[in-house]
Structures are given as C-alpha cells and as structure tokens.
There are 2 protein chains.
Amino acid sequence: MAVTMNDVARAAGVSLKTVSNVLNDYEFIRPATKQRVQDAIAELGYEANLTARSLRSGKTRMLGLVLSDLSAPYYAELASRLMKAAAQRGYRVLVEQSDATVDAELNALQGPFRQLTDGLLFTPLVMEADAIAGRQGKKPLVMLGEHILDPRFDLVTMKNEEAAAALTAHLAAAGRRRVAVIGARPEESGGTPGLRLNGYRQALDTAGIPFDPALVAPCEWRRDGGAAAVAGLLDQGVEFDAVFGLNDALALGAMHELLIRGIKVPEQVAVAGFDDIDEARFASPSLTTVSPGMAEIAERSIALLIDRIEGRETADQGVHVEAGFQLQIRESAP
Amino acid sequence: MAVTMNDVARAAGVSLKTVSNVLNDYEFIRPATKQRVQDAIAELGYEANLTARSLRSGKTRMLGLVLSDLSAPYYAELASRLMKAAAQRGYRVLVEQSDATVDAELNALQGPFRQLTDGLLFTPLVMEADAIAGRQGKKPLVMLGEHILDPRFDLVTMKNEEAAAALTAHLAAAGRRRVAVIGARPEESGGTPGLRLNGYRQALDTAGIPFDPALVAPCEWRRDGGAAAVAGLLDQGVEFDAVFGLNDALALGAMHELLIRGIKVPEQVAVAGFDDIDEARFASPSLTTVSPGMAEIAERSIALLIDRIEGRETADQGVHVEAGFQLQIRESAP
DNA sequence: GGCTTCTTCTGCAACGATGTATCGCAGGAA
DNA sequence: TTCCTGCGATACATCGTTGCAGAAGAAGCC
C-alpha cells in the first residue's frame, strides 16, 4: 500500500539503510547520494511510518497531559498552548482526563497511556506525593500546578503569592484600605487559594493595613459563587472599597452583582481578579487582573519535559520552575 | 526491560502465539490453558505493547479530532465529551489545532497526523468540500458542524434551524412581538448564523409576526460583541421586547448591557441564547437558551466514526446525523 | 479401518523502521 | 609495498506483535 523505505531505496539505487541514514541526518553521506535519495522520496511521496519508528526506537514523540477536565476554560487554554509549544519542538500532546479520580490518575501514571508517551505533564488533584513517587516509572514526569510541592519532582508553577501580593499592593497604592477577598477561608494557607491569600496578607502587612478575617469570604470558584459571596458581604453590612476575586470568574461574578445593585465600579468599589481569562478583557468595565504568564508556563514546562526526555536536563533533584506574571491594570481597578 | 509475550509464553509453558490468541479472544482455547496464560500475565504484570500491535495490525485505536482552537469553550467541551465517548469504546482521541489555516487543515488531513489515527473527526473552517474530497484518503472521515453540507461526507450537526425556531416560538408565545437578533447580518442564510436566523424567521412566519431587518444586528460572537450590539440598537432607538443572542456569549453580553442600563430582564426585555454553556445556568438572571445536545453530538459522531472504522457502517453515500436539542427555559425569558 | 471434520495449539514470516557490525576503497604514513 | 585510518555504503538482526498455514490428536461418519 503505502510507500516504504525499501521502495525509496530501490528507486534511488541504494540500500535501505542509506535511506534511513539520509532521513536521520547521518553525517557521512556523499551529497550526490543524499540528493538521489531525497529526489526519490519526493517523487514517490514517501512518508516515514511513525509506528514502525516508534517500535524500533522506543520513542513516540508524544507527550502525555493529565488533567481533571479539559472543558474547564483554564485547562483548555493551557492544553492549547502546551500543544503549540510541543508542536514547535516536533512533539504532539495526548490528553487524558482524570475527572479528579484516583483510578484515572493511577491509570494515566502507569497504564497504556504512559506507554504511548515519552513523558508526562501531570496535574495531580487527588494522588499524594508518595503514591506518585512509588509509581512514577522511568519516563520523565513534570508536575503542573501547586497541589504537589515536593523536591522529588520536577515542577512548574506560577508565582501565586508574589502575584497576589503585587495585585493587593496595587489596590492599596490606589488608596483602598478594605479589600474583600472572595474564594478562600480566612485561615487557609495551602493550595492555590491559600497561596494567593498569603500573598494578599503579605501585601497588607507591607502597606501597614491590618488583616480583617471578616473581609474573607469562601465560596465556589465560579461566577455565581463570586456573586453570592459579594451579596453575602453586602447583606451582612461588611464595609469594603475593593474586591479581590481569587480568580477571574469570581471577580466577574462579584462585579456583576455590584453593578446590578447600583454600586459603581471602580468609583465606589474596585474589583480585581486573577488569571486573565479572555473575558476579563472584554468585560465592562474591563477587569484588572493578574496574567499568570500561561504562555511562559506552557513554554517552560514543555521545554523542561523535553529536556528530560532528550537527556539535556539531568538534575537528580526535581527542577522547580516558577513562571513570571504580569499585572493587567484595567478599568475595574485603575 | 519490559515483559513481553515471549516471557509470558515461557512462564505459562505455551507458545507465543497462544498468548496472542488468549489476548485476542480466539475461540478455540481450552479453559485450562487460557487460565494458565492469564495467571502468567497477572504474575508477570504483562502489558501489551501498543506500538508493536499497531505496526502489525495497522490500527492505532486513536481517533483524530481537528478543530481550530481548543481554547474556545465550545470546542473544549466538545473535545472533552468526545474523549469520554471514545474511551468507553476503547479508543483515544488525539487533538490537532488548525488555527483555521489551510496549511494546518491540509496537514491534518494528509500528514503524519492521519497516520497516527484510524479515523478523523474534522471541523473544517477554511477548506472547501472539493479540496477535502480530493485529499480524503482511505481512512474514515466524519465532518462536524455546518461549514460543509455535502452528500459525499459523513456529517454530524445539530438542528440549528429547528432549535432557533423553537426558541423564537417560545418568545413569541410569551407575548414578545419585537425580538432582536444579534450575531447575524439580516440577509445571511448560510453557515451557523444563517441557519439560526432562518429558524428565527420561520418561527416569526408561523406566529404571524412580520420580519424587521432593523432588529438584526451583526457583531463578533463574543461577550463584548453582544454588549456592543445591544448598545447600538438602544442608541439608535430601535424598540424591542426580547433579544435572541445567536450564542450564549452574545446573549450574556447583551444581558449585561441591559442590566447596567437599568433595563429589567425579563420584565422589560427577555433574553435568550444558544448553546447552553455552563455560565448560562449560573448567570443572574439565569439564561434561557437551547441545549444543542452536545452529549448526543459527541456520542453519535464517535459511534459513526468507529462504525466506519470497524466496518459496521458501509453506506456509499455520506451518512447525515442531526442531533436533537432541548429548550432550557430559565429566568431571563420564562 | 479409513476417511473427513473439528478442536487446540504451534512455528514462521511478516509489519517498517533503526542499531551494529562490517566491508571496500581511498589516501597517507611507515 | 604494506599497514593503518576514515569515509561511504551495505547486510543482517532486531523491536513485539499478529496473520497464515499447518500439525497433532480427538471425534464423527460410513
């Protein structure tokens, strides 16, 4: 059916192996021979059989991406960028959804999925570090996100604390003294919400503003959660002149609620978010937020994983990469 | 390194081929032999090498999904559901982003991507039917969406016209006589916007309401586009008692603009959308919309593609599947 | 008993590429 | 002349599986 190396070899009057050598940029080939082979390839429309290559070489040039659910906007965008970054380096990304279940995470870590890929980008949500370390296998594994912070693993995260602190500092610099935080419990300090809350508290300290737990409202990290949280604060009579939504969906929900109640944004209450999703830019007023440098996260994690696969990165300890961030100052909190 | 069939064969005291037969559910194997092989497999922790299997059998048990950009919420959710539907049938989905460029679409259709998959789900955005037909190759190909309507291809779409008509009829039944449509040009009739506009017009006819082109406002299919379109209508003094956003983002943007201007939804103006994205449910007021049966689209298209691959569907003509829909009546247009 | 037919299992040859070992032939050194 | 070295190309084995052909034994039929 398909054209094989053998056909090309026959057409070019060389051996099978010489064709292989041309394709793999082997050094010692006479230019004339190389040309003849390349002509034959072009003429016959030969395309290398990736499956055969994989079987022989043991490499698939595919990277696995394990996340809970691709339909979440943040993951969708991350996946999209990872795929592009991988493509630039000649790799593909195969996505596996875990639905945040142990079974699925285990399966992605050791099942056939692992076999199909040369390395894994893993967003663990339910498995713990020890369990992962015990089943890690030999192929490279890079963690994404802040669920696991363990020196044994390569890890790429964003600077949650620093970014939240910078954003809070921006609000304080604009004269806001009572900044409500929605999306965390007041005593929280671990995980994504905790890290961002830490940053908020650090910035308050720096600005000499006391921390008031009454300003911190927990809720679901969704648009309606943000709206409900702000409604709750207002109804309880808590006073505030700014709202920091721990992600953009929360902030947008909060802003919506404020606007409906006739509260002016940013004149009366400033609003800021985190993540810089597309909608943040198109909201009205447009949303001040932190861009977590997803481009950088994607770029760095792909680079790190491929460096491990191709043996350029050989550190015994896990490599820990923190991607930068950028404040996006917009209308909702100038 | 890894355990191979040969190791299993040795451990079970049978031939290599018998192990293969057990794995492939060959009929004529004595239960005792089968058991011995299965025990050996369990004991050694044998896992079939998928690459070798692919090379030999010519099947990868992977399906290709070509779409413009995975970060668009609709595609992200579609991809997520397709992956789950495929997984249930023992297949994986490999996603390729085309960025709506001809090069990338061509590449997905004939390049190495095609080789890695047993069949393709294709959302063509720029390539035309003839060009696709000429490069289709031998492997099954199923079209998604309404860009291409051609009897040569298998095709899975939603009932755009019927759904838009049903939604418009619902608005009319609630007494709305002037329903603005945002997201289409008044004369449009092809593509997704055109089909939905057709449905709108049909429903108006049925209800005996004349069509007024002034009520139709084109704009970008984004949240801010919807807001701008409604603002435009209001500023021009066009009167309307309902807004039909041709997708949910548009409708949500429109609703936001109305609320900010102090116009009550649904008392003064009802708002309805299309797609039933997650946010429609969580908006306040919650958004009346059409659920395009994405679950059904995913299920049917995967089923059709796999039936083609495994030879259960053999129609010479393209099979055309239209997935059902459901009105989601919520607060914004009761 | 001799013949097919069915069951159960085996061996060998692929699938299409790459790794290893090797070979002829230059050209330069001894 | 002989020996060595490096270039350019080749032959063969190999990766782990499945398809094909067939062997050995039991069973059924005349």
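Values in this document were obtained by computation on a predicted structure and should not be read as measured data. Order of the sequence lines fixes the chain letters, A, B, ..., with proteins taken first and strands second; residue numbering starts at 1 for each chain.
Here the closest heavy-atom approach between residue B:Pro124 and residue B:Leu144 is recorded as CD-O, 4.0 Å. Here the shortest heavy-atom pairing between A:Ala133 and A:Arg152 reads CB-NH1, 3.4 Å. Here the closest non-hydrogen pair linking B:Leu116 and B:Thr60 is O-OG1, 2.8 Å.
Inspection of the B:Thr51 and B:Ser54 side chains reveals no N or O donor paired with an N or O acceptor under 3.5 Å. No side-chain N or O of A:Ser68 forms a donor-acceptor pair with one of A:Gln97 less than 3.5 Å apart. Side-chain contact, B:Asp69 with B:Ser71: a donor N or O sits under 3.5 Å from an acceptor N or O.
When each of A:Val142, A:Thr117, A:Ile309, A:Leu120 is tested with A:Leu63 by the rule side chain to side chain contact (heavy atoms under 4.5 Å, CB included), just one qualifies, namely A:Ile309. Evaluated for a side chain to side chain contact (heavy atoms under 4.5 Å, CB included) with A:Leu304, the options A:Leu155, A:Asp154, A:Leu121 yield exactly one hit, A:Asp154.
When the shell of 6.0 Å around CD of B:Glu43 is examined, it contains 12 or fewer heavy atoms from other residues, nucleotides or ligands.
Listed by residue number, the members of residues 112-120 of chain B with any heavy atom below 4.0 angstrom from DNA chain C form an empty set.
Atom CG of A:Leu55 is separated from atom P of D:dC15 by 9 Å (rounded to the nearest Å). Atom CG in A:Leu50 sits about 11 Å away from atom C1' in C:dA17, given to the nearest Å. C:dG16 atom C1' lies 14 Å from atom CD of A:Glu47, rounded to whole Å. Rounded to a whole Å, the CG atom of A:Asn6 is 10 Å from the C1' atom of C:dA17. The CZ-C1' distance, from A:Arg53 to D:dG16, rounds to 19 Å in whole Å. In this entry the distance linking NZ of A:Lys59 with P of D:dC15 reads 17 Å, nearest Å.
In the interface, the side chain of B:Arg56 is not paired with the base of D:dT17 through any donor and acceptor atom under 3.5 Å apart.
Between B:Ser20 and D:dT18 there is a side-chain N or O to OP1 or OP2 distance below 4.0 Å. Here A:Asn49 does not reach the OP1 or OP2 of C:dC15: none of its side-chain N or O atoms lies under 4.0 Å away.
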**Protein proximity profile, nucleotides 5-12 of chain D - base contact B, sugar-phosphate-only contact S, no contact -, cut-off 4.0 Å on heavy atoms** = --SSSBB-
